Novice: 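This is the structure, below, for whatever I ask next.
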Amino acid sequence: MLWAAVTGQWETTLPVAIFFELFFLDLFPIGTYIPPHGPFALLTTLALVNIFELIQTPVIFLAMLLCAPTALLGSRLEHVQRQRQNAVFTKMLQSTRGARFTGNSLGNPAPPALVQAVLMNTVAFSVVMVLLVPFTDWLLQHVRGRVLMLPITWPAIWMLGTIGVLLSLRSRRVYALLLAFAFLAGGGFWLFHGE
């Protein structure tokens, strides 16, 4: 919403954000698991949409497909950041063994960690954009016409995103019911509309 408020691109920003929210809904951090970083993919997509002034749904979806793998890069960056903070934590624990701990001796580790995270993500985003912008430009020059002929709509894209929602249910019984209803609906459609 902040991106849309700043750029005024409500018609494209919110549908893209809804897709990524739905798609990554099943993946959330528990314990040591670091899920793909959906906001990283969202930000790169919105940047491409803004740079190339994309307004048609099929080409925006193409940009989304190009940027979706960056979510894995975002999770990798978070893993690196956690490893660094584990080292800081270990160092802090070792400094307190055998001696009385004074809270001011090591300082607060949070501000440096925040600065490191901001710098790492900014550099990674810049590198990704340096690579993606020329590739996207080349791709749009070669396939834009064919992509625009595809009947891709936002509801269809959101339905694809609901894969994440379905996976978040985590129940075989729910999956079985969903599959049964899908077959019933398909059978009913074929029976009354197919020949």
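Treat the numbers as computed from the prediction; the structure is a model and nothing was measured.
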Novice: Given a cutoff of under 4.5 Å between side-chain heavy atoms of I, L, V, M, F, W and Y, with clusters grown through shared members, what are the other residues clustered with Val6?
Specialist: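 Cluster partners of Val6: Leu2.
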
Novice: Run the side-chain donor-acceptor check on residues 179-187: report pairs under 3.5 Å with partners two or more places apart or on a different chain.
Specialist:
none

Novice: Name all pairs fulfilling the ring pair (Phe, Tyr, Trp, His ring centres under 6.0 Å) condition that reach into residues 2-22, sequence neighbours left out, sorted by first residue then second.
Specialist: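 Matches after skipping sequence neighbours: Phe19-Phe23.
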
Novice: Show me, pair by pair, the donor-acceptor contacts under 3.5 angstrom made by side chains of residues 40-50, not counting sequence neighbours?
Specialist:
{"residue": "Thr44", "atom": "OG1", "partner": "Phe40", "partner atom": "O", "Å": "3.2"}
{"residue": "Thr44", "atom": "OG1", "partner": "Ala41", "partner atom": "O", "Å": "2.9"}
{"residue": "Thr44", "atom": "OG1", "partner": "Thr70", "partner atom": "OG1", "Å": "3.3"}
{"residue": "Thr45", "atom": "OG1", "partner": "Ala41", "partner atom": "O", "Å": "2.8"}
{"residue": "Asn50", "atom": "OD1", "partner": "Gln9", "partner atom": "NE2", "Å": "2.9"}

Novice: Could I get the full list of side-chain contact (heavy atoms from CB on, under 4.5 Å) partners for Gln83, not counting sequence neighbours?
Specialist: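 Only His79, Asn86 meet the side-chain contact (heavy atoms from CB on, under 4.5 Å) criterion with Gln83.
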
Novice: Just so I know, are the side chains of Leu132 and Cys67 near enough to count as touching, which here means a heavy-atom distance under 4.5 Å?
Specialist: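 Yes, close enough: below the 4.5 Å cut-off.
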
Novice: Enumerate the side-chain hydrogen bond (donor to acceptor under 3.5 Å, both in side chains) contacts for residues 177-186, please, sequence neighbours excluded, ordered by first and then second residue.
Specialist: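 As it turns out, there is no side-chain hydrogen bond (donor to acceptor under 3.5 Å, both in side chains) pair with a partner in residues 177-186 once direct neighbours are skipped.
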
Novice: Under 3.5 Å, sequence neighbours excluded: what are the donor-acceptor pairs made by side chains of residues 113-128?
Specialist:
{"residue": "Gln116", "atom": "OE1", "partner": "Gln85", "partner atom": "NE2", "Å": "3.4"}
{"residue": "Asn121", "atom": "ND2", "partner": "Ala117", "partner atom": "O", "Å": "2.8"}
{"residue": "Thr122", "atom": "OG1", "partner": "Val118", "partner atom": "O", "Å": "2.7"}
{"residue": "Ser126", "atom": "OG", "partner": "Thr122", "partner atom": "O", "Å": "2.9"}

Novice: Please identify each residue that fulfils side-chain hydrogen bond (donor to acceptor under 3.5 Å, both in side chains) with Thr57, with sequence neighbours left out.
Specialist: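 Expected list: Trp154.
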
Novice: Nearest 0.5 Å, please: how far is OG1 in Thr136 from CG in Leu66?
Specialist: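 So the CG of Leu66 and the OG1 of Thr136 are separated by 5.0 Å.
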
Novice: State the CD-CD distance between Gln81 and Glu78, to the nearest 0.5 angstrom.
Specialist: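 Atom-to-atom, Gln81:CD and Glu78:CD are 8.5 Å apart.
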
Novice: For Leu148, check side-chain contact (heavy atoms from CB on, under 4.5 Å) against everything at least two apart and list the hits.
Specialist: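 side-chain contact (heavy atoms from CB on, under 4.5 Å) list for Leu148, sorted by chain: Gln56, Val59, Arg144.
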
